[in-house]
Enquirer: 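Below you'll find the structure I mean.
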Amino acid sequence: MAAANASSEKVDLLVYGPIRPIIANGFSDRFVLHMAEGRADLERLTPDVLAKTRGMAVTYHTVPADRKALAHFPKLEIVASFGVGYDHVDSAYAREHGIVVTNTPDVLTEEVADVAMGLLIATLREFVKADRFLRSGMWQTQNYPLSAGSLRDRKIGIVGMGRIGQAIGRRLEASRVPVSYHSRNPSPAVKYQHYGNLMEMAEAVDTLVVIVPGGAATAKMINADVLKALGPRGVLINVARGSVVDEPALVAALQSGTILAAGLDVFANEPNVPDELKAMQNVVLLPHIGSASVVTRNAMDQLVVANLKNWFAGKAPLTPVPETPVKGR
Ligand code: NAP
Ligand code: 8YV
């Protein structure tokens, strides 16, 4: 991607997705902000705005910044996406058209790892079910039954050993749980056993914690065969993307006792969650809150703003994605 020249001209930016105050208030009067909360709003932008827009902030992963959306903007130079996962942004289109894409890595890593670890323990030790038991008054007459699951007798396979996978690994190590992992390439950053083949790892462990990017390469990689390989003590934790899991196969595996339990922060068609999952006692369901604390979301917002400001000041963006590297700044 080539460098943009800093000039005194005002820069038109589009905030695409839900309004986020730190982003909406983060720009000086050198910038003119336009808003489009969803795809339908793009169609309502005037031809003048479409023609002038040079930068875009994509503020939520359910807003598709796909080819059709990006093609509205002939002068677009940069798409600054909120979140580390950018499977909803067509980075191939961006590369073809000289547009740089940025995301928000690192600032959310430990937060998401905390949620993965919490979700794992909540699922194994049945925190949500036990809370319901207490509130219903049942403790007055009986003790809560012993949980079938425990972290103590588990072998965990992490699917994805990038920034967040490594942070989850550190937490599991501190809990003295054996860890192995699957990714396409072994990571020089860790010493855990690497499996290039997901099925082989699923056969060797009883628990999977999934933290790979979404998109075509990982679609439905957690399928019926992988779940079966975990066995009847099997537990699936998914904090990656709903697309990574074959959701009907997961429902069937939980209903039939093929696996024991699941903890899910992400779903195939958010915010819609299958009624079958909601009816089950052996699943813990979270509404995609991996990074959703005030402190971490603020840091993500600030990184979106900093990427756009840097670019229009003629500097390198802080966190371009690998598909659209920036040279010459
Ligand atoms: P990262 O540092 O890029 O790590 C990605 C890991 O996945 C790498 O180990 C990579 O290794 C592996 N991987 C990629 N494609 C793969 C494939 N086809 N098969 C097997 N492994 C593959 O990313 P990160 O910062 O850890 O974030 C990971 C993902 O977590 C994000 O993309 C996002 O979707 C999700 N996330 C969810 C939440 C939430 O709120 N629930 C929050 C943050 C992030 P190889 O390249 O060697 O395969
Ligand atoms: C974001 C996430 O909150 O970073 C990601 O990949 O899934 C979450 O941290 C989400 O992308 C918001 O759009």
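Any value given below was found using the heavy atoms of this structure, including those in side chains, with hydrogens, waters and symmetry copies removed. If you read the sequence from its start, that first residue is 1, and numbering goes on from there. Remember, it's 1-based here, ligands and their atoms both numbered in the order they're listed.
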Enquirer: So for Ser291, does at least one of its heavy atoms come nearer than 4.0 angstrom to any atom of ligand 1?
Expert: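 Ser291 counts as a contact of ligand 1 under the 4.0 Å cut-off.
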Enquirer: So which of Val84, Asn103, Thr59 gets nearest to atom 5 (C) of ligand 2, if we judge by its closest heavy atom?
Expert: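 Nearest heavy atom to atom 5 (C) of ligand 2 lies in Val84.
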Enquirer: How does Asp265 reach ligand 1, by side chain, by backbone, by both or by neither, if only non-hydrogen atoms under 4.0 Å count?
Expert: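 Near ligand 1, Asp265 shows its side chain, while the N, CA, C and O stay back.
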Enquirer: Could you check atom 2 (C) of ligand 2 against the protein and tell me its nearest heavy-atom contact, residue, atom and distance included?
Expert: His288 NE2, 3.6 Å
Enquirer: Between the candidates Arg20, Glu270, Arg297, His61, which shows the shortest non-hydrogen contact distance to atom 11 (O) of ligand 2?
Expert: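 Checking each option, the heavy atom nearest atom 11 (O) of ligand 2 is found in His61.
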Enquirer: Mark up the atoms of ligand 1 that fall under 4.0 Å of a heavy atom belonging to Thr218, in ascending order.
Expert: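 The atoms of ligand 1 under 4.0 Å from a heavy atom of Thr218 are 16 (C), 17 (C), 18 (N).
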Enquirer: Compute the shortest N/O to N/O distance between Tyr60 and ligand 2 and return yes if it is under 3.5 Å, no if not.
Expert: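 No.
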Enquirer: Which residue holds the protein heavy atom closest to atom 20 (C) of ligand 1, what is that atom called, and what is the gap in Å?
Expert: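 Scanning the protein heavy atoms, the shortest distance from atom 20 (C) of ligand 1 goes to His182 NE2, 3.5 Å.
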Enquirer: To which protein heavy atom is atom 4 (O) of ligand 1 closest, and what is the distance rounded to 0.1 Å?
Expert: Gly162 CA, 3.2 Å
Enquirer: Counting non-hydrogen protein atoms only, what is the nearest one to atom 9 (O) of ligand 2? Give residue, atom name and distance.
Expert: Ser291 OG, 2.7 Å
Enquirer: Taking only heavy atoms of Ala240, which atoms of ligand 1 are found under 4.0 Å from at least one of them?
Expert: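 Atoms satisfying the 4.0 Å criterion: 34 (O), 35 (C), 37 (C).
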Enquirer: Angle class for the His288/His61 ring planes (parallel below 30°, perpendicular above 60°, tilted otherwise)?
Expert: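 Taking His61 first and then His288, their aromatic rings sit tilted (interplane angle of 30° to 60°).
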Enquirer: My understanding is that we take every heavy atom of each candidate and find the minimum distance to atom 37 (C) of ligand 1. Doing that for Val239, Val112, Val115, which one comes out nearest?
Expert: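 Shortest heavy-atom distance from atom 37 (C) of ligand 1: Val239.
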Enquirer: Could you tell me which atoms of ligand 1, counted from 1 in the order shown, lie closer than 4.0 angstrom to a heavy atom of Val266?
Expert: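 That gives atoms 41 (N) of ligand 1.
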Enquirer: Among all protein non-hydrogen atoms, which one is nearest to atom 2 (O) of ligand 1, and what is the separation to 0.1 Å?
Expert: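 Among all protein heavy atoms, the one nearest atom 2 (O) of ligand 1 is Arg163 N, 2.9 Å.
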Enquirer: Heavy atom under 4.0 Å from ligand 2: found in Leu108's side chain, backbone, both, or neither?
Expert: side chain
